[in-house]
Engineer: 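To start, I am sharing the structure in question, which I have written as structure tokens.
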Amino acid sequence: MRRPASPFPALVALLAAVILLLGGIWWGGHPEHLPGFLRSSALVHSSPGDRLLSTAIDQVRDDYYRKIPRAQLVNDSISGLVSSLNDRFSTYYDPQANRHMQQAASERFAGVGMSVLPVKRGLGVTGTFPGSPARRGGIRPGDFVVAVGDNSLRGRAGDYATGLIKGPPGTKVTLTVERKGKRRKLTLTRATINVPLVETKTYRGDGRKVGWIHLGSFISPGTHAQVGAAVRKALAGGAKGIVLDLRGNPGGLLEEAVLTASIFVPKGVIVSTRGRNRAPQFFRAAGGAISPKVPVVVLLDRGSASSAEIVAGSLRDHHRATLVGTRSFGKGIFQEVKQLPNGGALEITVGQFFLPDGENLGGSGVRKGKTVNEGKGLAPQVYAKDDPKTKADEALRAALRVLGRKPGG
């Protein structure tokens, strides 16, 4: 009588196959950990460019007069690659920085309470929130944060810079702040910030009751619903026009921009996107807009960027609003984050925004020889600038005058 075959050898073979598969996947993303003879074999089957880069890294690691870990050489090589793009919105996060970014995104927002935009020297401050550590520390719009601790922010992407500022509530962070060429260091205590996304007031413009709605950013899902509720409440309360104040708004989620513009634009394209390896996409008004007879003015300044510019530009192109203020920031590009096998990540520019009439907000776009996003921004139809030395808001007064002269309401 034959005994049934033991399943043990088959299980061993299956387990070995799984281990080899997982090992192959891991080593495929971490070739630096392969034994020398295997790494050389792997390089034979790679492209000439890959072999050249890997050979150069190994040469430096093996022969340079002081010891440098291969992982550091790889990190520095990727950083140099991204720096060569001449694009301050593209960056490489090494594994440690990427872990910090992901932790900061997953925890409660704890920072110092200021809105910022990335600039060449670091972060440009566009506003601070009432009662925030930044405001108590004397940081004002127009200041520049050029370093966090010992980390210079020059040429760094905005997400990287703000990620360094964020941290657990109650911990301290040291910022180097520049104002009119003079620098000072401030040590602030991080706090959980409740960002006032939408603020509303009622004004009178040339005898007409006007609803003023200020939107701080588009970073949170559902922002458009808050704006829509504020607009409809103002109109129900007797407002005959709307001032949508987007000054200091650094942008945020594209979908929120499209839905916010849809509050005012009944139909048509709000914005389109194009990328070298991406099919053009057209984002259209979602419907449910307020009456086209309600006059609208949009307030802008140099701190209005990205999604804020999409909203303002689409309302202008659809003849739904007059733009009042100063020229906007000019961010006509968007980025995507790509996770890398070593635990790091690439945030790179992958496409451009275009307004309904075809204008790219970045101006020079991505032409060879140009710094990416040397943006000209949106030009206001009525120039007006607030003087921070006075109590009055001169730009808002100009917006109310423009709205008072508009028909409708």
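Any value given below was found using the heavy atoms of this structure, including those in side chains, with hydrogens, waters and symmetry copies removed. Just so you know, residue 1 is the first one in the sequence shown, and it goes up from there.
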Engineer: Quick check for you: to the nearest 0.5 Å, what is the distance between Arg278 atom CZ and Phe334 atom CZ?
Structural biologist: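 Taking CZ in Arg278 and CZ in Phe334, the distance rounds to 6.5 Å.
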Engineer: Does this structure show an ion pair linking Arg247 with Asp245, if we count only N-O contacts that are shorter than 4.0 Å?
Structural biologist: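 Yes, charged N to carboxylate O under 4.0 Å.
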Engineer: Any side-chain donor paired with an acceptor under 3.5 Å for Glu394 and Thr390?
Structural biologist: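 Looking only at side-chain atoms, Thr390 and Glu394 do form a donor-acceptor pair, the distance falling under 3.5 Å.
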Engineer: Taking atom CZ as the centre, does Arg184 end up with more than 12 heavy-atom neighbours from other residues, nucleotides or ligands that are less than 6.0 angstrom away?
Structural biologist: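 Enclosed: over 12 neighbouring heavy atoms sit under 6.0 Å from CZ of Arg184.
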Engineer: The criterion is ring pair (Phe, Tyr, Trp, His ring centres under 6.0 Å); which residues satisfy it with Phe354, sequence neighbours excluded?
Structural biologist: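 Ring pair (Phe, Tyr, Trp, His ring centres under 6.0 Å) list for Phe354, sorted by chain: empty.
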Engineer: How many angstroms lie between atom CD1 of Ile242 and atom CD1 of Ile290, to the nearest 0.5 angstrom?
Structural biologist: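 That separation rounds to 6.0 Å.
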Engineer: Apply side chain to side chain contact (heavy atoms under 4.5 Å, CB included) to residues Val210 and Arg204 and explain how you reach the verdict.
Structural biologist: CA-CA 6 Å; Val210 172; Arg204 288 202 170 270; over 6 Å; no
Engineer: Using a cut-off of 6.0 Å, state whether more than 12 heavy atoms not belonging to Asp150 lie near its atom CG.
Structural biologist: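 Counting other residues, nucleotides and ligands, CG of Asp150 stays at 12 neighbours or fewer.
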Engineer: Can you tell whether the side chains of Glu359 and Arg316 come within less than 4.0 Å, N to carboxylate O?
Structural biologist: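 Counted as a salt bridge, because a side-chain N and a carboxylate O are separated by less than 4.0 Å.
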Engineer: Would you give the length of the straight line joining atom CG of Leu123 to atom CG of Leu117, rounded to the nearest 0.5 angstrom?
Structural biologist: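 It is 9.0 Å, given to the nearest 0.5 Å.
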Engineer: Measure the spacing between OG1 of Thr200 and CD of Gln226 and express it to the nearest 0.5 Å.
Structural biologist: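 Nearest 0.5 Å value for the OG1-CD distance: 11.0 Å.
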Engineer: Relative to Tyr203, does Lys209 satisfy both conditions: NZ or CZ under 6.0 angstrom from the six-membered ring centre, and within 45 degrees of the ring's axis?
Structural biologist: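 No, a cation-pi geometry is absent between Lys209 and Tyr203.
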Engineer: Any salt bridge linking Glu178 with Arg121? Criterion: basic side-chain nitrogen under 4.0 Å from a carboxylate oxygen.
Structural biologist: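 Salt bridge between Glu178 and Arg121, a charged N being under 4.0 Å from a carboxylate O: yes.
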Engineer: Any chance the side chains of Arg302 and Thr326 put a donor and an acceptor closer than 3.5 Å?
Structural biologist: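 Side-chain D/A pair, Arg302 to Thr326: absent.
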Engineer: Is there a side chain to side chain contact (heavy atoms under 4.5 Å, CB included) between Ile78 and Leu346? Walk through the geometry before answering.
Structural biologist: CA-CA 9 Å; Ile78 300 173; Leu346 280 176; 4.0 Å; yes
Engineer: Considering only NZ, NE, NH1 and NH2 on the basic side and carboxylate oxygens on the acidic side, decide whether Arg140 and Asp143 come within less than 4.0 Å.
Structural biologist: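 Salt bridge: no.
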Engineer: In terms of side-chain geometry, is the basic nitrogen of Glu336 or Lys338 positioned less than 4.0 Å from the acidic oxygen of its partner?
Structural biologist: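 Yes.
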Engineer: May I ask you to say whether Asp94 pairs ionically with Arg99, meaning some side-chain N is under 4.0 Å from a carboxylate O?
Structural biologist: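 The answer is no: the pair does not qualify as a salt bridge.
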Engineer: Any chance you could measure Thr273, atom OG1, to Ile310, atom CD1, to the nearest 0.5 Å?
Structural biologist: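 If I round to the nearest 0.5 Å, the distance is 9.0 Å.
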Engineer: What distance separates Ser115 OG from Asn249 CG, expressed to the nearest 0.5 Å?
Structural biologist: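 Reported to 0.5 Å precision, the distance equals 8.5 Å.
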Engineer: Can you confirm whether more than 12 heavy atoms, excluding those of Glu255, are under 6.0 Å from its CD atom?
Structural biologist: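 Incorrect, the count does not exceed 12.
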